[in-house]
There are 2 protein chains.
Amino acid sequence: MTIRLVKAFLKPIQKEDVLNISGGKRGRITIHEVASAAGVSISTASKALNDTGRMGAETRERVKRIAGEIGYRPNALARGLLSKRSFTVGLLTNDTYGRFTLPVMAGISDALVDHGVSVFLCAIEDDPALAQIHVDAMLDKQVDGIIATGKRLDRRLPVDLSNLHVPVVYAFTEGTQNSVTFRSDDEQGARLAVEWLATIGRRRIAHITGPEDFFSVRERAGAYHQVAGHREPVLYGVWSENWGHEAVEQLWERPGEKPDALFCGNDQIARGAVDALRERGVKVPQDVSVIGFDNWEIVAAQTRPPLTTVDMELKELGRQAGLTVLALAEGRPVEPGVRKLPCRLVVRRSCGGRTPEE
Amino acid sequence: MTIRLVKAFLKPIQKEDVLNISGGKRGRITIHEVASAAGVSISTASKALNDTGRMGAETRERVKRIAGEIGYRPNALARGLLSKRSFTVGLLTNDTYGRFTLPVMAGISDALVDHGVSVFLCAIEDDPALAQIHVDAMLDKQVDGIIATGKRLDRRLPVDLSNLHVPVVYAFTEGTQNSVTFRSDDEQGARLAVEWLATIGRRRIAHITGPEDFFSVRERAGAYHQVAGHREPVLYGVWSENWGHEAVEQLWERPGEKPDALFCGNDQIARGAVDALRERGVKVPQDVSVIGFDNWEIVAAQTRPPLTTVDMELKELGRQAGLTVLALAEGRPVEPGVRKLPCRLVVRRSCGGRTPEE
DNA sequence: ATTGCATGAGAAAACCTTTTCTCACTTGAC
DNA sequence: GTCAAGTGAGAAAAGGTTTTCTCATGCAAT
């Protein structure tokens, strides 16, 4: 101890040390300050703080304590320059409204914040030039990886990410050959919905959904046919409340028995349908059960009655995408392929049959 | 020219050059490769690319051309280490749904992408500990500045940003003493709405709005009183469709003349009101004009009829916040204070009186 | 012929960390 | 009393870029 103190005392005090310690210099506190405050060399300080190298337990503790006291935080730029890790990932999306991106983003951030990783969000609006600019900017900043996400499972982002020298993971958007892609299991989700309707005793289940060229639409319709049979028609349309409204008009104008349940392709359609039913004097859920898809709180929870719906677990999807891109960045092996994540049924009031959980 | 070529030829070829040029090394192309490919020193290459220093025009062109050919892009980490600029800003928000954050983010990104600046998005969910973690992570990454945004003009983020050594700008959230804050001019926006109703001939304008403890609510109600007088009541409630619905019930159950216009505190309330009116057989916009606030497309455009509403120009707000934080980061002086940005009236069908512009 | 100056380009330091290598010193064994 | 091994800590290099300083060359002026 004495020896060390003497050493520290004898160490020539450099001009910049004084300036820094006295707070005269504008910049942040560097490891340099820690070292000179603790009376050790920069190398020793670094090793003490990172729990590497050999040194006396007492020295290590002292350095750590002093670093804490003077509020030292390592400069991530300098660290990244050497380690080739920036502790940064980029999230690329063409989903302007954030309907799908925000939950995915929340999951990514949630999974990565513990690892000290921050997320660049880049909204590219389907503009290839803008997308390229953002990708280049991210690469310049040495992102550890890129996660691509979108508003549609069966469309690519308007930029090629296949030959980057950083790992790329796709979440809720079409990936490339040999990539890792996370998506919701729409078939399973649809089955969940239709089976629930069957469980609560509905037999004449109609399906009102979006445009047939959407992959999700075909998957959901496929599961619907499988579970419900072909007793009721599938009505393809667009993703709007108006279409839900109109589809109900169509169904109820037809001669013959009316459906006793509607499985809707998304919550907006479901909401339009519920409104149309109310206007016709058809009671939801007493006369007809309605179930949506997406669990878009802002629509599902505000509908009267609140919608029972299928949640695609986008946050979990984001979380897994985040952990995967991190694994790749750290060189851990990851099996390429498409991973389907299960959906979850959220029961509210629009189907009846059970008291809501929430 | 000859001399330079000879020099380039004579320059000893270093092992690492060969590896890099041949693509054998994993890393990116550095200025080192550019320099040796062009037969100049690193310093000259740097100066050529940055249009600084003295050198022959021909040398400069050659370096630039070669850099382009081999796809050189400077490492932002290395550059930032020296320049103290990371070309990165952080956006901190507690608005989970992204209703306000996404447009603000779009504006920021839009304004800064031309300057090579990328944006970290950090959603902090009103959790002070999480907020601190994110702020620390951003500071470690040497962000050039932080923009704080939220879901409410009169609330602070649960973290103190007042003594950071990077510039902070507040957008759509309460700032600190001596800071720069951007917010919408809700008073002007409300006046716009009520004056529009007056212009199209409405005289009995009621105001259905959110909780009175919101600053925006009081500002909007103030403007409403100023323009419309006190002939109709102000109904305070919550920000939901249900409340809009219920408020209409209340108004129409009262004895006496009914309002011929409703100025609603947000689009959700407006939507609930429109629904309630339809259910009562009151025609919108023939019998009653309804106007909303927020221009939340997903609500306003899907209402039947689509809502005339007030847009807070959040994207523009984000743009200005972005440019301001950039100015501060570059050391340009910025006057502190609160800047109110004007709102814009978006005319759709729910008021009548004019053919919609869109 | 010498000096002075402008021009073009390179060497080296700086930014902040981490990591490898080296060195001095202590201890235990012979 | 010498040697080997082990221990604690520092010197230096590396990472990619920018910037300042220095140097060499050629030319015009004395």
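Below, chain A is the first sequence line, B the second, and so on; all start at residue 1. Keep in mind it's a predicted model, so treat the numbers as computed, not measured.
Here Thr59(A) reaches the OP1 or OP2 of dA9(D): one of its side-chain N or O atoms lies under 4.0 Å away. The phosphate of dG15(D) (OP1 or OP2) has no side-chain N or O of Ser83(A) nearer than 4.0 angstrom.
Under a cut-off of 6.0 angstrom, the local environment of CD in Glu69(A) is crowded, with over 12 non-hydrogen atoms contributed by other residues, nucleotides or ligands. Under a cut-off of 6.0 angstrom, the local environment of CG in Asn163(A) is sparse, with at most 12 non-hydrogen atoms contributed by other residues, nucleotides or ligands.
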Item to check | Heavy-atom protein contacts under 4.0 Å, nucleotides 18-25 of chain C, coded B base, S sugar-phosphate only, - none | outcome: BB------
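With dG10(D), dG10(C), dT17(C) as the candidates, the nucleotide lying closest to the side chain of Thr30(A) is dT17(C).
Comparing the local axis fitted to the first five base pairs of the helix from dA1(C)-dT30(D) to dC30(C)-dG1(D) with the one fitted to its last five gives a bend of 80°, rounded to 10°.
Between Arg62(A) atom CZ and dG8(D) atom P there is a gap of 14 Å when expressed in whole angstrom units. For the pair Leu77(B) CG and dG15(D) C1', the interatomic distance rounds to 10 Å; values are reported in whole Å. The separation between Phe87(B) atom CZ and dT17(D) atom C1' is 12 Å, rounded to whole Å. When rounded to the nearest whole Å, the span between NZ of Lys84(B) and P of dA14(C) equals 13 Å. Atom-to-atom, NE2 of His32(B) to C1' of dT17(D) comes out at 12 Å; the value is rounded to the nearest Å. Computed from coordinates, the Asp51(B) CG to dT18(D) P distance equals 12 Å when rounded to whole Å. In this structure, the CZ atom of Arg60(B) is 14 Å from the P atom of dT7(C), given to the nearest Å. In this structure, Leu81(B) atom CG and dG16(D) atom P are separated by 12 Å, rounded to whole Å.
The closest side-chain donor-acceptor pair between Ser162(B) and Thr176(B), if any, does not fall under 3.5 angstrom.
For Phe182(A) and Phe172(A), the ring centers sit 6.0 Å or farther from each other.
No side-chain donor-acceptor contact under 3.5 Å links Lys141(B) to the backbone of Gly90(B).
Distance check, rounded to the nearest 0.5 Å: CD1 of Ile108(A) to CD1 of Ile147(A) gives 3.5 Å. Distance check, rounded to the nearest 0.5 Å: CG of Leu91(B) to NE2 of His134(B) gives 11.5 Å.
Taking the side chain as every heavy atom from C-beta outward, Lys64(B) and Asp51(B) approach each other to under 4.5 Å. Inter-residue side-chain proximity for Thr88(B) and Gln142(B) is flagged as unmet; no heavy-atom pair is nearer than 4.5 Å.
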